[in-house]
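Keep in mind it's a predicted model, so treat the numbers as computed, not measured.
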Amino acid sequence: MDRRARPKGGDEINVPEKGKNYGWPVIGFGVDYSGAKIHESTRKEGMEQRSITGRLDRASGMAF
């Protein structure tokens, strides 16, 4: 598993697989802290969706 802390609302957890494109920064759900749009879209042909997207608590760690 792979956890990425992204801009506001765009944190994600992935289960990376070799050869797959997870889209950053082209697709994503986060917005800049100023409110400006960062990504072209939330989906795009040939790019994988995240396993989990949302606003994760950055102060906490992750253990598996």
Side-chain angles (χ1 to χ4, degrees):
M1 295 194 121
D2 177 46
R3 176 184 184 258
R4 298 291 170 174
R6 303 287 189 209
K8 191 166 77 174
D11 296 347
E12 60 189 58
I13 297 174
N14 292 306
V15 180
E17 295 180 39
K18 185 177 181 175
K20 292 195 174 180
N21 181 344
Y22 291 88
W24 180 266
V26 178
I27 63 172
F29 291 89
V31 295
D32 189 71
Y33 293 100
S34 70
K37 185 177 173 181
I38 298 172
H39 311 287
E40 291 177 19
S41 178
T42 57
R43 296 181 173 274
K44 190 167 185 176
E45 183 78 30
M47 294 184 181
E48 302 297 316
Q49 290 297 303
R50 289 91 176 111
S51 299
I52 299 173
T53 301
R55 189 161 184 183
L56 307 172
D57 183 358
R58 293 180 190 188
S60 67
M62 285 187 82
F64 297 97

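Cluster partners of Val26 are Ile27, Met47, counting Ile, Leu, Val, Met, Phe, Trp and Tyr whose side-chain heavy atoms approach within less than 4.5 Å, directly or via other members.
Pairs of residues two or more places apart, or lying in two chains, that qualify as salt bridge (Lys or Arg N to Asp or Glu O under 4.0 Å) and include a residue from residues 14-30 are Glu17-Lys20. Judged as a salt bridge (Lys or Arg N to Asp or Glu O under 4.0 Å), not a single pair has a partner in residues 21-33 (not counting sequence neighbours).
Rounded to the nearest 0.5 Å, atoms CZ (Phe29) and CD1 (Ile38) are 13.0 Å apart.
Without hydrogens or angle criteria, Glu48 side chain to Pro16 main chain gives no donor-acceptor distance under 3.5 Å.
When the side chain to side chain donor-acceptor pair (under 3.5 Å) test is applied to Asn21, no partner is found at least two apart in sequence or on another chain. For Glu40, the salt bridge (charged side-chain N to carboxylate O under 4.0 Å, His left out) criterion is met by Lys44, not counting sequence neighbours.
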